[in-house]
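As the structure lists them, so they are numbered: ligands from 1, and atoms in each ligand from 1. The figures that follow rest on heavy atoms only: side chains count, while hydrogens, waters and symmetry mates do not. Owing to the predicted nature of the structure, the values given are computational and were not obtained by experimental measurement.
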Amino acid sequence: MSAEPLLSIANIAVDYPTKGFRKPPFRALENVTLDIHEGQTMGLVGESGSGKTTLGRAVLGLAPVTEGTISYRGRDITHLNRRERREISSEIQVVFQDPYTSLNPVMTVESILAEPLMVQGTPAAEARRRVAELLDQVGLPSDAGQRLPRDFSGGQRQRVAIARALALRPRLIVCDEPVSGLDLSTQSRVLELFIDIQQRTGVAYLFVTHDISVVRYISHEVAVMYRGGIVEQGEADAVTSSPTHPYTQQLMFAAPLADPAAQAERRAERRRLASLSRP
Ligand SMILES: Nc1ncnc2c1ncn2[C@@H]1O[C@H](COP(=O)(O)OP(=O)(O)OP(=O)(O)O)[C@@H](O)[C@H]1O
Ligand SMILES: [Mg+2]
């Protein structure tokens, strides 16, 4: 594991303003500290309302961070202006749960994927080449570019959203429940795609889910959120097989491990591949 984290979240708090006269703001995150390393997946679990989405939004500059700092490759990105945020958007991308609301319904897939490239000034011919490459990378047929988001299944639409996130070759993707809306067999194929992409590109994920089996499957490290704070974090194997915090124990007991030996072996193999592909 490299010494300097890709993303370093240090003691942040997020306070949402509340409506109403003299009502204090609502503290959604309190003293959250978390490092994400290059090429690795940080799984973020916790019950509904614990602050998982808020943390992802804080990283994207979309939540009001009132204390602490978020650094990307050593640079403080906690409070960027719009221009700086736009510049860093090529490095930090996002995939949401519902691709139907996050993809523009009247744009063809080709124009959805080309848009971020054009904004960065990529010439049209090169953008077309990159779009074809992206479709291939996420396992969509080459004629998918001419179709609209509604012409795809849920799993395929999520592949489009993943391709769009990859367009600018980010180093970090915030994935907020990206498989939660999919049926089980589609879920596992899309998870495989996330892993495959990570092995090929070295991208890191902040992977938000409330599903323990998903987080076991995809994460190198896991952080457990409870009421706006992180109660436990560490190696995925350790946190998911021998949790120390009572809340984590409760979460893990509710989701029995399918095949612990096979999963541990699989993660070891992923770590080996990740260390080979890292520059
Ligand atoms: N824009 C907002 N304004 C005010 N409060 C908010 C806002 N967004 C979230 N909250 C509150 O912050 C807390 C954390 O919400 P968040 O969406 O981060 O939880 P979550 O862990 O992602 O939950 P879920 O698993 O249901 O998606 C909740 O109490 C929520 O009501
Ligand atoms: Mg959420």
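- Distances below 4.0 Å separate heavy atoms of Thr53 from the following atoms of ligand 1: 17 (O), 18 (O), 20 (P), 22 (O), 27 (O).
- Residue contacts with ligand 1, taken as heavy atom pairs separated by less than 4.0 Å, do not involve Arg57 at all.
- Counting protein heavy atoms under 4.0 angstrom from atom 18 (O) of ligand 1 gives one or more.
- Taking backbone and side chain together, Thr53 holds an N, O or S atom under 2.8 Å from the Mg ion (ligand 2).
- Put simply, atom 2 (C) of ligand 1 has protein non-hydrogen atoms near it, under 4.0 Å away.
- Looking at His220, its side chain does come within 3.5 Å of a backbone N or O of Thr41 through a donor-acceptor pair.
- Closest of all the heavy-atom pairs between Ser90 and Gln120 is CB-NE2, 4.3 Å.
- A side-chain donor-acceptor contact under 3.5 Å links Gln156 to the backbone of Ser153.
- What you find for Val32 and Ile9 is that their closest heavy atoms are O-CG2, 3.5 Å.
- At the shortest separation from atom 28 (C) of ligand 1 among protein heavy atoms lies Gly49 O, 3.8 Å.
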Test salt bridge (charged side-chain N to carboxylate O under 4.0 Å, His left out) applied to Glu192 and Arg189, step by step: CA-CA 5 Å; Glu192 278 304 327; Arg189 281 198 298 275; over 6 Å; no
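- Looking only at distances, a side-chain donor or acceptor of Thr33 sits under 3.5 Å from a matching main-chain atom of Asn11.
- Looking from atom 25 (O) of ligand 1 to the surrounding protein, the closest heavy atom is Lys52 NZ, 2.7 Å.
- Atoms of ligand 1 lying under 4.0 Å from at least one heavy atom of Glu47, given by number and element, are 21 (O).
- Here's the thing with Gly46: none of its N/O atoms is less than 3.5 angstrom from an N/O atom of ligand 1.
- Of all the listed residues (Phe26, Tyr16, Tyr226), Tyr16 holds the heavy atom that lies closest to atom 10 (N) of ligand 1.
- Regarding atom 26 (O) of ligand 1, its nearest protein heavy-atom neighbour is Ser48 OG, 2.5 Å.
- Remark: Glu87 engages Arg83 in a salt bridge (Lys or Arg N to Asp or Glu O under 4.0 Å) (not counting sequence neighbours).
- A donor-acceptor pair under 3.5 Å is absent between the side-chain atoms of Gln158 and the main chain of Val179, judged by distance alone.
- Ligand 1 places these atoms under 4.0 Å from at least one heavy atom of Ala28: 12 (O).
- Under 4.0 Å is where a charged nitrogen must lie from a carboxylate oxygen, and between Glu38 and Arg171 at least one such pair does.
- Short contacts between ligand 1 and Thr54, defined as distances under 4.0 Å to a heavy atom of the residue, involve ligand atoms 14 (C), 15 (O), 16 (P), 18 (O).
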